[in-house]
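A quick write-up on the structure given underneath.
Quick note: residue numbers are just sequence positions, from 1.
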Amino acid sequence: MPSPRSSRERRTGSGRLEFLSLVSQRSPGPPDSPSRRRESGGSAAAPLPEEDCMKLNPSFLGIALSSLLAIDLWASKRLGVCAGESSAWGSVRPLMKVIEVSGHGIPWLLGTFYGLCQSDSSAAREVLLNLLFALLLDLVLVAVVKGIVKRRRPTHNKMDMFVTISVDKYSFPSGHATRAALVCRFVLHHLVLAVPLRVLVVLWALIVGVSRVMLGRHNVTDVLFGLLLGYALYSVVEYCWLSPLSAPALFALWSH
């Protein structure tokens, strides 16, 4: 006959086994520490796509360009003092619009064409023919760049511009600034002018560029790039200079 002590030990042992089995069913493994949970979560998570990593970690160049764009928009809005009649310098707006017309392509094209038809000098015809070529090249190049970039004009601009075409709804670059720099450099190189007149030509080109921002037509970077583009475009015109030897058909067409 078993003793009471041995029966109690058996009951105690069976109860301990049942308790351990219940514990093992509820928690099949040891409790995870925070570090282990982080490790398991990090190993189970899929790596971020490359484009998401780029968005979360923008490059220095992207940050710099975004900052410059923000500064450009802020400065352009502050300098647009003639954008409307109710602006800070609204009373000067009619004068700025006269300057706008002075840098427009149509008056320059018509004036050059008229001078070419009326000229009796072969040297003058050569200069005017190359000026006409430069103005046409400027129109084509600016239209192409505007069509590619498609930057909208400033929001504070009033669309009351003088004779616009389809690409003129875009802002970059400023065609007036490009034309002003091109004509300025052309005139200074091919016309004999006194020093005061040369200074006036340079001031005219600068005022045309500044007026574009004051009227709210363009941002500051549109004008700066336009001036640089016009300055460089003159070098192309000089390289492709039309003469009676290189383009005899054109000069025969305009000869009297």
Side-chain angles (χ1 to χ4, degrees), residues 68 71-72 75-76 79-80 82 95-113 115-116 124 126-151 153-154 157 161-165 167-242:
L68 288 176
I71 294 173
D72 178 34
S76 303
L79 294 174
C82 301
L95 177 60
M96 292 293 106
K97 295 191 72 172
V98 172
I99 297 174
E100 178 180 52
V101 175
S102 73
H104 198 278
I106 290 181
W108 277 100
L109 285 171
L110 293 179
T112 304
F113 184 80
L116 190 59
E126 182 176 347
V127 172
L128 290 172
L129 187 61
N130 281 276
L131 179 58
L132 183 63
F133 166 68
L135 294 172
L136 292 174
L137 183 62
D138 168 68
L139 284 177
V140 173
L141 183 59
V142 170
V144 169
V145 176
K146 283 188 175 184
I148 294 175
V149 179
K150 294 183 178 179
R151 185 184 191 184
R153 290 189 181 270
N157 173 47
M161 295 176 287
F162 174 73
V163 187
T164 59
I165 57 176
V167 292
D168 282 333
K169 62 183 177 182
Y170 300 124
S171 177
F172 185 90
S174 169
H176 281 68
T178 305
R179 189 173 304 108
L182 173 64
V183 170
C184 175
R185 196 175 177 194
F186 191 99
V187 168
L188 293 180
H189 277 77
H190 295 284
L191 293 183
V192 180
L193 300 174
V195 174
L197 291 178
R198 296 174 72 87
V199 172
L200 286 177
V201 170
V202 175
L203 287 177
W204 168 80
L206 294 176
I207 291 173
V208 168
V210 172
S211 68
R212 308 310 289 159
V213 180
M214 294 178 65
L215 284 170
R217 308 295 198 204
H218 291 279
N219 297 302
V220 175
T221 51
D222 303 335
V223 173
L224 292 178
F225 185 84
L227 292 173
L228 291 175
L229 182 61
Y231 187 88
L233 190 58
Y234 173 77
S235 299
V236 177
V237 175
E238 281 289 316
Y239 181 79
C240 304
W241 186 263
L242 303 176

To the nearest 0.5 Å, tell me how far [X] [atom1] sits from [Y] [atom2].
{"X": "L215", "Y": "L79", "atom1": "CG", "atom2": "CG", "value": "12.0 Å"}
{"X": "L229", "Y": "F172", "atom1": "CG", "atom2": "CZ", "value": "8.5 Å"}
{"X": "N219", "Y": "N157", "atom1": "CG", "atom2": "CG", "value": "10.0 Å"}
{"X": "L182", "Y": "W108", "atom1": "CG", "atom2": "CH2", "value": "9.5 Å"}
{"X": "L206", "Y": "C184", "atom1": "CG", "atom2": "SG", "value": "7.5 Å"}
{"X": "I71", "Y": "T221", "atom1": "CD1", "atom2": "OG1", "value": "11.5 Å"}

Could you pull out the closest heavy-atom pair between [X] and [Y], with the gap in Å?
{"X": "S102", "Y": "W204", "value": "OG-NE1, 3.1 Å"}
{"X": "A177", "Y": "L227", "value": "O-CD2, 3.5 Å"}
{"X": "A134", "Y": "V237", "value": "CB-CG2, 3.6 Å"}
{"X": "D138", "Y": "G175", "value": "OD2-O, 4.4 Å"}
{"X": "L116", "Y": "L128", "value": "N-CD1, 3.7 Å"}
{"X": "H218", "Y": "P154", "value": "C-CG, 3.7 Å"}

Ring pair (Phe, Tyr, Trp, His ring centres under 6.0 Å) partners of H190, counting only residues at least two apart: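 Partners of H190 under the ring pair (Phe, Tyr, Trp, His ring centres under 6.0 Å) test: F186, W241.
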
Any donor-acceptor pair under 3.5 Å from T178 side chain to G226 backbone: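 Side chain of T178 to backbone of G226: a pair is present.
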
Backbone of L139 reached by a side-chain donor or acceptor of R179 within 3.5 Å: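 Side chain of R179 to backbone of L139: no pair is present.
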
For E100, side chain to side chain donor-acceptor pair (under 3.5 Å) partners two or more places apart: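 With neighbours one apart ignored, the set is R212, R217.
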
Verdict with reasoning, L109 to L132, per side-chain contact (heavy atoms from CB on, under 4.5 Å): CA-CA 7 Å; L109 285 171; L132 183 63; 3.8 Å; yes

Salt bridge (charged side-chain N to carboxylate O under 4.0 Å, His left out) pairs, two or more places apart, involving residues 222-242: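 Residue pairs passing salt bridge (charged side-chain N to carboxylate O under 4.0 Å, His left out), neighbours aside: R151-D222.
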
Steps toward side-chain contact (heavy atoms from CB on, under 4.5 Å) verdict (V202, L188): CA-CA 9 Å; V202 175; L188 293 180; 3.9 Å; yes

S76 and D72, any side-chain heavy atoms less than 4.5 Å apart: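 SC-SC contact between D72 and S76 confirmed.
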
F133 CZ: over 12 foreign heavy atoms closer than 6.0 Å: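 Yes.
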
Residue pair H176, V223: steps toward the side-chain contact (heavy atoms from CB on, under 4.5 Å) verdict: CA-CA 8 Å; H176 281 68; V223 173; over 6 Å; no

side-chain contact (heavy atoms from CB on, under 4.5 Å) assessment of R185 paired with S235: CA-CA 9 Å; R185 196 175 177 194; S235 299; 3.2 Å; yes

